[in-house]
Amino acid sequence: QVQLVESGGGLVQAGGSLRLSCAASGRTLSRYTVGWFRQAPEKEREFVARSNWSGTSTYVADSVKGRFTMSRDNSKNTVYLQMNSLKAEDTAVYYCAAGGGPEGSSWPHYWGQGTQVTVSS
């Protein structure tokens with residue numbers, strides 16, 4: 001089992017920045033694909049970014065490309081989402097997800113509880 005805990009959300013003005021963190025416990029995160037999703041009110045959960053186990057391959061959704069950057073520090077069992085030039089439409093609950101691990105889990109399989117990001121225009 002992998003437990004994920006997000007932090008770093010909050011209220012920010014449009015054009016501002018936030019950095020989300022996702023700390024993992026239970027398993028070594030370096031053996032998992034890890035990523036971020038978000039869900040705005042009355043909308044479906046959508047993919048934001050994903051990183052392979054080593055961090056050498058990162059994919060970011062077109063809607064946030066050039067503004068959001070995902071990174072991971074396997075030594076701290078933590079992944080990050082740096083969000084710059086935030087827009088009102090980025091307002092959502094952001095979830096960390098992991099999967100594709102040695103136990104045969106799919107991706108995404110493990111989820112955090114989410115952290116609220118609100119961008120005021």
**Q** Looking at every heavy atom in both V79 and C96, which two are closest together, and how far apart are they?
**A** CG2-SG, 3.9 Å
**Q** For the residue pair R45 and F37, would you count it as a cation-pi contact if the rule is NZ or CZ under 6.0 angstrom from the ring centre and within 45 degrees of the ring axis?
**A** no
**Q** Without swapping roles, check the side chain of Q13 against the backbone of S120 for a donor-acceptor pair under 3.5 Å.
**A** no
**Q** Please test D90 against R38 for side-chain contact (heavy atoms from CB on, under 4.5 Å), starting from the C-alpha separation and ending with a verdict.
**A** CA-CA 9 Å; D90 295 319; R38 67 185 182 184; 2.9 Å; yes
**Q** Does any N or O in the side chain of T91 come within less than 3.5 Å of the main-chain N or O of V119, such that one atom is a donor and the other an acceptor?
**A** yes
**Q** Which atom names give the shortest non-hydrogen contact between A88 and S121, and what distance separates them?
**A** CB-CB, 4.2 Å
**Q** Check this for me: does any side-chain nitrogen of one of D62 and K65 sit under 4.0 Å from a carboxylate oxygen of the other?
**A** yes
**Q** Determine, stepwise, if the pair V64 / M83 fulfils side-chain contact (heavy atoms from CB on, under 4.5 Å).
**A** CA-CA 9 Å; V64 302; M83 306 185 295; over 6 Å; no
**Q** Given 3.5 Å as the limit, does a donor-acceptor pair link the side chain of E6 with the main chain of Q113, or not?
**A** yes
**Q** Which heavy atom of V12 sits nearest to which heavy atom of L86, and what is that distance?
**A** CG1-CD1, 3.5 Å
**Q** Closer than 3.5 angstrom, by distance alone: can the side chain of R50 be matched with the main-chain N or O of W107 as a donor-acceptor pair?
**A** no
**Q** What orientation do Y32 and Y110 show, parallel under 30°, tilted 30 to 60°, or perpendicular over 60°?
**A** perpendicular
**Q** Please check if atom CZ in R67 has more than 12 non-hydrogen atoms from other residues, nucleotides or ligands closer than 6.0 Å.
**A** yes
**Q** Once the angle between the rings of Y59 and F47 is folded into 0 to 90°, is it parallel (under 30°), tilted (30 to 60°) or perpendicular (over 60°)?
**A** parallel
**Q** Between N77 and R27 (side chain of the first, backbone of the second, donor and acceptor by atom type, cut-off under 3.5 Å), is there such a pair?
**A** yes
